[in-house]
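One structure is given below, encoded as structure tokens.
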Amino acid sequence: MPSFPLTPDEERRALEVIGVQTIEDLFSSIPPQVRERAKMDFGEANAGLSEHELRRYFDGIAKHNTQHTSHFLGGGVYDNIIPAIVNQLVLRGEFLTCYTPYQPEISQGTLQAIFEFQTMICRLTGMEVSNASLYDGASATAEAVMMAQRISGKPDAPILMAASTPPEYKTVVNTFLKCNSSPPIEVPWNKEGSLDEEKLKSLIAEHKPSALVVASPNYFGLIEPLDVIRKHLPADCLLIVTMADPSALSLFETPAALGADVVVGEAHQFGTPMLFGGPHVGFFATKKKFLRNLPGRLVGETVDDRGQRAYALTLATREQHIRREKATSNICTNQGLIALRTTIYLSFLGKQGLIQLGEMNYSLFDYLKESLASHGIPLKFKKGLHYREGVFEVPNLSVRFDKLTANGIVPGICLSQKYSGSQREEFENALLVCVHPGHTRAEIDALVEGLSHG
Amino acid sequence: MPSFPLTPDEERRALEVIGVQTIEDLFSSIPPQVRERAKMDFGEANAGLSEHELRRYFDGIAKHNTQHTSHFLGGGVYDNIIPAIVNQLVLRGEFLTCYTPYQPEISQGTLQAIFEFQTMICRLTGMEVSNASLYDGASATAEAVMMAQRISGKPDAPILMAASTPPEYKTVVNTFLKCNSSPPIEVPWNKEGSLDEEKLKSLIAEHKPSALVVASPNYFGLIEPLDVIRKHLPADCLLIVTMADPSALSLFETPAALGADVVVGEAHQFGTPMLFGGPHVGFFATKKKFLRNLPGRLVGETVDDRGQRAYALTLATREQHIRREKATSNICTNQGLIALRTTIYLSFLGKQGLIQLGEMNYSLFDYLKESLASHGIPLKFKKGLHYREGVFEVPNLSVRFDKLTANGIVPGICLSQKYSGSQREEFENALLVCVHPGHTRAEIDALVEGLSHG
Amino acid sequence: MDKGMDQNKSLGTQGLVLREATIFERSAAGRKGFGLPPLDVPLKKPSLYKRTHAAELPEVSELDVVRHFTRLSSWNYSIDTGTFPLGSCTMKYNPRINEEIAALPGFANIHPDMPVELCQGALEVVHTLEGLLGEIAGLDEVSAQPAAGAVGEFTGLSLIHAFHAQHNSPRKYVLVPDTAHGTNPASCTLAGYQTITLPSGPKGILDIEPVQAAIQKYGRDIAALMVTNPNTLGLFESNISQISELLHGIGAQVYMDGANMNAIVGMARPGDMGVDVMHFNLHKTFSTPHGGGGPGAGPVAVRSHLAPFLPNPRVRKSSAGYSYEWLPNSIGKVKSGLGNFGVLVRALCYIRHHGRDGVTRIAKNSVLNANYLRAHLSKIFQLAYETPSFHEFVVSDSRQLKSHNVKTLQIAKALIDHGFHPPTIYFPLVVPGAMLMEPTETESLQDLDKLVEAFQDIVHRIESGKETFDNAPTKTVVGRVDEAAAARRPVLSLDDRTL
Amino acid sequence: MDKGMDQNKSLGTQGLVLREATIFERSAAGRKGFGLPPLDVPLKKPSLYKRTHAAELPEVSELDVVRHFTRLSSWNYSIDTGTFPLGSCTMKYNPRINEEIAALPGFANIHPDMPVELCQGALEVVHTLEGLLGEIAGLDEVSAQPAAGAVGEFTGLSLIHAFHAQHNSPRKYVLVPDTAHGTNPASCTLAGYQTITLPSGPKGILDIEPVQAAIQKYGRDIAALMVTNPNTLGLFESNISQISELLHGIGAQVYMDGANMNAIVGMARPGDMGVDVMHFNLHKTFSTPHGGGGPGAGPVAVRSHLAPFLPNPRVRKSSAGYSYEWLPNSIGKVKSGLGNFGVLVRALCYIRHHGRDGVTRIAKNSVLNANYLRAHLSKIFQLAYETPSFHEFVVSDSRQLKSHNVKTLQIAKALIDHGFHPPTIYFPLVVPGAMLMEPTETESLQDLDKLVEAFQDIVHRIESGKETFDNAPTKTVVGRVDEAAAARRPVLSLDDRTL
Ligand SMILES: Cc1ncc(COP(=O)(O)O)c(C=O)c1O
Ligand SMILES: Cc1ncc(COP(=O)(O)O)c(C=O)c1O
């Protein structure tokens with residue numbers, strides 16, 4: 001058990017100052033029967049552990065997670081190379097152990113970093129304004145949909161959503177909409193894995209949606225023709241682009257330039273490890289005209305009483321602590337430190353580095369794709385424009401998957417596990433394979449070898 | 001290759017300001033033949049590596065060092081439990097990347113920490129003054145001997161040194177004395193592994209030494225009877241106690257109380273990993289009357305021009321940058337950050353924690369000793385007062401050693417490797433076994449099991 | 001030397017601090033930053049939908065980045081810097097061993113789609129933590145998925161929604177005391193409920209009458225009561241058991257906002273008070289760092305009747321190891337993955353560090369510290385309620401306002417110059433000019449005594465008419481920040497300056 | 001907004017900083033700190049020589065420790081804080097990847113007495129680094145054992161001593177130029193030699209004549225010449241090859257102090273200039289952090305004739321792996337173990353990071369930056385020597401002293417208020433009122449421009465008669481520290497206050 005600072009002497013002194021006999025006396029307003037029943041049993045965890053024992057215990061557990069030597073998992077969570085400085089700078093107590101910057105005079109470090117984060121997100125996406133972060137890409141997508149509903153003035157307005165959006169994003173959006181409106185209507189993908197434009201047109205005509213959510217790249221690694229899609233949308237229907245992989249913004253045109261109204265997504269790959277799915281960091285960017293509808297926190301530039309540039313949380317009148325049940329969202333704690341990681345990472349990666357990162361992902365996937373093709377394993381959606389990941393039709397998938405995995409190579413995500421019904425059938429032998437910047441040619445070759453036999 | 005901040009444009013601008021054409025021009029005072037021959041070949045290291053590649057490369061190397069699961073090595077370097085805060089606080093740039101505190105107004109953090117270090121060393125050893133650190137225990141011992149020579153006024157005065165001092169300490173002292181004086185005269189150990197008092201008496205009579213160096217605990221883990229030894233020494237012969245294991249100060253009387261004039265040693269176990277032998281940290285404590293003869297840096301308390309308490313390097317008139325060839329030593333850079341680790345560790349361990357640490361070491365060794373004895377493996381020096389390590393006579397040592405090692409248990413140090421001549425014969429089957437605070441009873445049992453068979 | 005910087009003077013002083021513009025202003029065209037490994041396959045570039053203008057990220061060196069963020073950090077106040085009695089936020093020490101453990105490659109580098117047999121360790125963490133939280137809550141099942149307290153609230157309310165839907169009893173209202181945190185009503189809205197605000201009684205806690213009255217009025221349209229306990233005044237809702245019974249009587253559920261569990265962990269279990277569902281704030285009670293606004297984690301604990309609706313997937317343990325179960329009636333997912341896993345690792349580490357008795361000691365010492373502070377501060381400030389308080393308490397500026405027209409804001413800013421973070425101010429809303437103080441159990445009496453002295457000095461200066469602190473703080477790197485200007489003409493990015 | 005804290009004002013400003021007494025003054029009797037694991041064997045205590053009074057270490061909590069050292073750190077200036085042109089110290093950026101690598105358990109947790117087959121990785125590090133340093137030196141063998149530059153000097157001189165002894169030619173003197181670092185003569189004394197100081201010539205470098213004269217005078221009593229190159233004025237010793245030949249002619253050795261290798265690494269190799277033995281300062285050229293005064297590492301490189309005397313043991317590589325070799329004629333050991341291994345890991349990481357061309361680029365850019373700074377500063381300060389300089393250069397206060405009686409010390413302290421670390425002052429001794437400036441290659445032109453502006457501002461204020469900076473610095477947490485008082489009545493520990 002870690003020690004508490006109060007010594008027995010100090011405890012006595014404190015009780016004396018307070019004017020009670022024992023610490024228990026301070027808990028007298030708890031009903032006795034509740035007090036009595038508060039007997040916990042932690043089992044083997046009853047005894048507190050010293051740091052040394054904690055290390056032994058957790059080292060033992062963590063070892064179970066490091067049995068693989070390489071992996072090709074993507075689908076919304078992306079392995080990346082994290083510079084040493086990111087890990088070390090965020091350990092600085094002044095960043096790690098401060099609170100949400102409510103007192104700007106002693107929070108300028110956090111505030112300026114968030115302002116920089118907002119600027120970076122705007123520059124990446126091409127949008128005008130960004131918030132200070134959201135929980136993750138999935139919940140950012142849900143918030144975008146709810147913002148569209150607010151803007152439309154119809155809280156239960158129909159929403160269209162590309163079926164090729166990452167499955168988890170869809171589930172999360174559904175959960176958030178469920179209590180107030182009907183779930184989004186899915187727009188299927190076409191034979192080439194992209195949004196089915198014909199279906200889109202008819203669904204628009206039928207439902208008069210207030211927004212369309214499209215993932216680009218979509219779950220199959222395909223860049224969607226956002227400009228074309230935009231043309232199909234009525235003016236009052238918001239185009240929400242969700243980006244589980246914003247590293248695509250290194251090479252591909254910004255959603256803003258192609259007509260998006262809102263760009264949301266997941267930025268963890270910019271400096272934050274996969275961490276079994278979190279904490280990650282959602283981003284949310286849109287047009288300035290929607291400013292007052294934005295969910296989450298915003299940092300604005302201002303001045304201090306000495307005329308110096310300074311930053312502060314702003315437009316709090318949208319937020320729950322002021323607006324309560326009328327707030328634009330219920331968000332309070334979000335992903336401050338992960339947004340900081342993102343800001344440090346993107347600063348260090350820099351303008352050229354981002355492009356290089358994108359080219360690396362693009363080239364590695366190209367090499368993978370060609371190798372697999374030459375081994376008779378084709379892309380499922382051959383015509384599409386892929387970025388760093390794609391769906392492959394692997395004969396005898398489950399056997400080969402298990403064999404590779406047993407050898408420490410995790411070849412990708414079996415899509416049949418992610419879908420149900422007819423989609424599941426479509427994906428029976430489909431494997432979503434993703435490259436990441438740490439990959440070597442040798443690792444890819446080993447994967448190709450393993451996927452093409454057995 | 002890491003990038004340098006100067007862009008090609010800036011390079012041009014700089015050259016222009018300087019008024020030369022190329023960077024090469026700036027090197028024109030190097031003789032051409034020297035310039036031309038400066039062709040290096042790093043072999044496979046010619047290409048610079050990115051952080052990712054560095055991690056792969058060094059992870060691969062480091063893995064070769066982690067093939068054992070437990071060890072009982074001591075003999076001057078001690079495994080210990082390092083609190084997480086020690087590792088994290090020393091990464092703070094303000095500590096990690098500052099220089100020796102020559103400018104006190106912007107170095108109060110380092111200065112105050114050293115002042116605290118000095119205070120802790122004084123309180124541990126019972127001495128009056130301590131310096132800011134030396135390289136390690138061995139070189140601190142050499143510095144102590146040289147200080148004794150300075151104080152005696154005879155730079156080549158004879159020095160006695162217990163033969164039971166850690167072998168490396170003896171070699172280092174020899175190397176440092178070699179050029180100016182004859183090497184120390186060894187005082188052998190008696191049948192019980194302690195300093196041979198009779199020999200001591202006769203050597204004193206014969207050589208009129210200016211100092212005696214005794215290790216306590218000595219290399220065999222034995223606490224020496226310093227008070228008795230002191231009585232044998234003439235008043236002008238300094239008693240230098242060297243402590244490769246100052247954790248013994250938790251339980252055992254201070255050398256100061258027993259009559260030591262100088263206490264030096266190695267403090268790495270207080271918060272710094274073994275690191276294959278360094279960087280560690282030497283300490284040096286003595287009486288205030290020897291203040292001006294102290295080697296290394298000193299921090300003193302003073303005031304600033306606003307009357308505030310402040311700290312500064314002091315008595316620099318002893319040091320090489322002022323005194324040059326007449327300096328008390330040539331030391332410049334020493335072990336600042338390791339002294340800081342020591343200060344943080346000892347602060348956190350605290351008064352009670354230090355005692356607990358000592359009791360843990362003492363008790364674990366007692367358990368080990370009893371277990372081995374009951375398995376027919378006796379201590380070599382049975383009557384002595386041991387602290388945490390001791391020499392055991394292990395039948396068939398080399399076979400059992402190899403078998404245990406192959407199973408990942410390193411049972412200790414084979415003393416025959418550390419000595420030559422008759423001493424080597426004395427130690428043919430001798431194993432120096434040491435416990436450390438991370439040890440569990442199960443680990444000790446496994447060792448005992450392994451040492452008593454085969 | 002008695003006037004030394006380390007002597008009995010105000011803790012806050014001034015020192016050299018460096019200015020630093022935004023990272024973009026350090027940029028130089030063509031400067032390269034982080035080095036990626038070389039590409040060992042042929043370089044390829046897309047030909048369609050190519051980006052026309054590169055994203056204007058900064059072009060800076062590694063040292064630029066390190067200096068920039070090191071300097072920025074020096075402008076922040078944090079727990080590691082000093083005492084941070086920010087009520088409702090449980091700003092306690094965040095043990096560094098947690099950071100070390102969470103960074104283990106076996107935790108950090110695991111993809112959430114890793115096949116189950118290759119992520120048994122990760123599943124063990126989630127399963128073990130959920131079990132321990134259930135034991136602490138006195139409830140049957142726990143989902144660690146919600147990413148923060150607010151998500152926990154939404155999740156819990158969604159469970160209630162699903163439960164009522166299953167019983168074909170759609171309901172409209174959630175009763176929420178007026179002391180509630182802003183997230184509570186906002187979450188109600190998100191979960192499709194209307195908030196009915198219940199006034200707290202003269203003692204600062206919820207009396208039985210307003211609940212009875214609401215039941216009278218809204219009957220079986222009431223889906224739930226949502227109550228923070230101890231509430232945001234730091235007071236234990238002593239009537240909670242009886243109130244729970246009333247609600248259960250009409251088939252309604254009791255939701256407890258457990259953000260203040262630090263006060264009672266191990267001393268009282270929500271499950272023993274009639275609570276059906278609650279959330280924890282791991283970033284408060286279980287000390288995962290706040291990080292300047294997250295990440296956190298807001299696990300929900302439920303009684304078994306709500307368990308079938310918990311977010312998917314559930315982690316189950318059997319003799320064959322850990323596996324996922326997908327509940328057919330689940331509300332779905334409220335976050336990607338299984339939650340903020342890195343935060344969960346830290347919380348588990350913290351709980352295992354403390355053990356059962358240590359966890360209970362948290363409540364004891366946090367309440368002791370808070371009452372010690374209260375005993376001192378109630379001599380100089382107006383205490384909002386005489387009711388015995390737990391881990392935090394509320395005083396107000398009413399005396400200082402009346403006598404010298406000095407407000408809470410001024411007092412808070414003056415405290416900064418003394419070297420302390422201010423308490424939470426103007427919250428809860430039920431107390432005008434509130435200062436909500438939560439010292440937590442990791443402060444020593446010495447540090448609390450210094451805080452008391454600072455407040456005493458401020459009050460003394462106010463009441464002796466010497467100062468009104470309109471310009472405080474003065475020692476900070478920026479002076480009083482013009483928040484109104486920020487809102488009047490919002491500039492939200494560097495490019496927005498000119499928009 | 002133009003007067004903003006991030007605008008073109010002085011980099012140095014003031015911000016909130018907290019006071020902090022010594023850690024002992026945070027102590028409370030009975031407070032417990034770090035928790036050790038429980039003892040799972042019977043508790044035993046010694047009965048003889050028992051300590052009578054426990055060592056009075058502080059009794060503090062984890063948060064006490066974290067706050068204490070966090071606050072202390074905020075009073076320091078460091079490379080990570082800002083520009084640090086401290087001549088002779090090569091205060092360049094210390095890459096953080098090195099810290100990560102050195103902390104790998106496979107490096108950190110290895111006992112030096114580990115059997116060779118279980119520490120092959122550690123031996124590989126030492127062997128590989130020694131090989132690369134030999135290539136950089138242009139010399140045959142390297143020992144990484146010396147713990148710092150000064151130990152390297154002593155080691156190198158001991159090798160020379162041993163060499164002459166082997167040749168039955170004991171010698172007495174070492175020639176040392178007057179520009180030498182204080183460690184050089186001190187090391188000579190330690191190695192049993194008397195120092196003969198050679199005057200540097202009008203160009204700041206060693207001319208041939210004084211060497212010839214010394215040879216004339218002391219002949220074969222000269223053991224060696226010890227020269228820093230580039231020397232402490234930042235000037236390359238252009239006559240080094242010829243001078244070496246002269247010394248070799250009388251059987252003497254040439255020792256090069258390589259502390260300034262940052263200027264020439266990859267551009268010129270000591271072995272190609274006639275040097276027989278040299279040391280590196282890894283904590284300078286190879287960027288291992290200075291840590292407020294160490295640890296460092298001072299490997300020595302030698303020509304083959306000195307190799308038989310190198311410190312024991314040597315690490316050898318064969319097809320069977322790495323092993324130790326014990327040289328019969330070794331001077332012995334100069335440090336425990338194989339050296340400051342953790343520093344060696346960092347240096348190897350740094351060299352592998354840079355690769356061959358990157359290493360050369362270090363010299364190029366450090367010399368470029370220094371000359372850029374020189375070009376600007378020689379306009380406002382008196383340049384000590386017009387000779388083309390390398391990675392550092394010397395100016396003096398002579399103009400400001402003459403015109404306004406303002407000294408180097410004042411200028412240095414004024415620079416602190418501007419947010420910079422001062423240059424090395426009053427060194428080398430050959431230049432009265434010297435300011436030795438070494439910007440290093442990791443500073444950007446922007447940062448150097450700001451440094452120039454700061455100096456310009458200071459000089460402008462001096463020369464316009466506005467300020468003399470007798471009270472500078474004023475922005476720091478403590479003002480001008482009374483170093484004389486510290487020396488007059490030394491107080492070296494908390495208990496010493498009352499001694
Ligand atoms: C009482 C209370 N409830 C709920 C919350 C919301 O928690 P979170 O910030 O994790 O969303 C808070 C946090 O400030 C709180 O204090
Ligand atoms: C030129 C020169 N030589 C030698 C040294 C001594 O090196 P160290 O401090 O590592 O002992 C220094 C360090 O300041 C130096 O600058």
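Letters go in sequence order (proteins before strands), and every chain restarts at 1.
In this structure, no portion of Leu157(D) lies under 4.5 Å from any heavy atom of chain B. Contacts of Asn365(D) with chain B are made by side-chain atoms alone, with heavy-atom separations under 4.5 Å and no backbone atom involved. Only the side chain of Ile23(B) has a heavy atom closer than 4.5 Å to any heavy atom of chain D. Heavy atoms of Leu26(B) lying under 4.5 Å from chain D belong to its backbone as well as its side chain. Using a 4.5 Å cut-off between heavy atoms, Ser241(D) touches chain B through its side chain atoms alone. For a residue to count as touching a neighbouring chain, one of its non-hydrogen atoms must lie under 4.5 Å from one of that chain's; by this rule Tyr387(B) does not touch chain D. Both the backbone and the side chain of Phe69(D) come within contact range of chain B, with heavy atoms under 4.5 Å apart. With a 4.5 Å cut-off on non-hydrogen atoms, Asn94(D) touches chain B through its side chain but not through its backbone. For Leu118(D), the parts lying under 4.5 angstrom from a heavy atom of chain B are both the backbone and the side chain. Both the backbone and the side chain of Ala14(B) come within less than 4.5 Å of a heavy atom of chain D. Proximity to chain B (any heavy atom under 4.5 Å) is restricted, for Met91(D), to the side chain, taken from C-beta onward. Of the two parts of Lys178(B), only the side chain, counted from C-beta on, holds a non-hydrogen atom closer than 4.5 Å to a non-hydrogen atom of chain D. The part of Ile85(B) that comes within reach of chain D is its side chain, from C-beta onward, which places non-hydrogen atoms under 4.5 angstrom from that chain. Both the backbone and the side chain of Ile23(D) have a heavy atom closer than 4.5 Å to some heavy atom of chain B. Proximity to chain B (any heavy atom under 4.5 Å) is shown, for Val151(D), by both the backbone and the side chain. Residue contact with chain B, scored on non-hydrogen atoms closer than 4.5 Å, involves the side chain of Thr128(D) exclusively. For Asn369(D), the part lying under 4.5 angstrom from a heavy atom of chain B is the side chain only. Heavy-atom distances place the side chain of Ile355(B), and not its backbone, under 4.5 Å from chain D.
A distance-only check finds a donor-acceptor pair linking the side chain of His353(D) to the backbone of Leu49(B) [under 3.5 Å]. A distance-only check finds a donor-acceptor pair linking the side chain of Ser238(D) to the backbone of Ser29(B) [under 3.5 Å]. Side chain of Thr183(D) to main chain of Asn330(B): no donor-acceptor pair is present (N/O by atom type, distance under 3.5 Å, no hydrogens or angles). At distances below 3.5 Å, not a single donor-acceptor pair connects side-chain atoms of Lys45(D) with backbone N or O atoms of Leu251(B). Under the 3.5 Å distance criterion, the side-chain polar atoms of Asn180(B) are matched with a main-chain donor or acceptor of Thr189(D). Judged by distance alone, with hydrogens and angles left aside, the side-chain atoms of Gln108(B) form no donor-acceptor pair with the main-chain N or O of Leu72(D) at under 3.5 Å. For Thr171(B) (side chain) and Gly332(D) (main-chain N/O), no donor-acceptor pair under 3.5 Å exists by modelled atom type. Checking side-chain atoms of Asn65(B) against main-chain N and O of Ala122(D) turns up a donor-acceptor pair under 3.5 Å.
Glu51(B) contributes atom CD, which lies 7.0 Å from atom CD of Glu100(D) (distance to the nearest 0.5 angstrom). Rounding to the nearest 0.5 Å gives a distance of 8.0 Å between CE of Met40(B) and CG of Asp357(D). Arg37(B) contributes atom CZ, which lies 4.5 Å from atom CG of Asp272(D) (distance to the nearest 0.5 angstrom).
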Q: May I have the step-by-step check of side chain to side chain donor-acceptor pair (under 3.5 Å) for Glu483(D) and Thr302(B), ending in yes or no?
A: CA-CA 7 Å; Glu483(D) 302 186 53; Thr302(B) 180; over 6 Å; no
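Between Phe276(B) and Phe341(D), the ring-plane angle classifies as perpendicular under the 30° and 60° cut-offs. Classified by interplanar angle (parallel below 30°, tilted 30° to 60°, perpendicular above 60°), the ring pair Phe34(D)/Phe348(B) is tilted.
No hydrogens or angles considered: a donor-acceptor pair under 3.5 Å links the side chains of Asn76(D) and Thr110(B). Ser74(D) and Glu94(B) share no side-chain donor-acceptor pair at under 3.5 Å.
Residue with the most contacts toward chain D among Ala327(B), Ser347(B), Gly353(B): Ser347(B) (heavy-atom pairs, distance under 4.5 Å). Interface summary for chain D: among His321(B), Arg297(B), Met120(B), Glu319(B), the most heavy-atom pairs under 4.5 angstrom belong to Met120(B).
The side-chain tip of Arg352(D) does not point at the ring of Phe58(B) from less than 6.0 angstrom away and within 45° of straight on.
Side-chain contact between Arg441(B) and Pro42(D): present, with at least one pair of heavy atoms (C-beta onward) separated by less than 4.5 Å.
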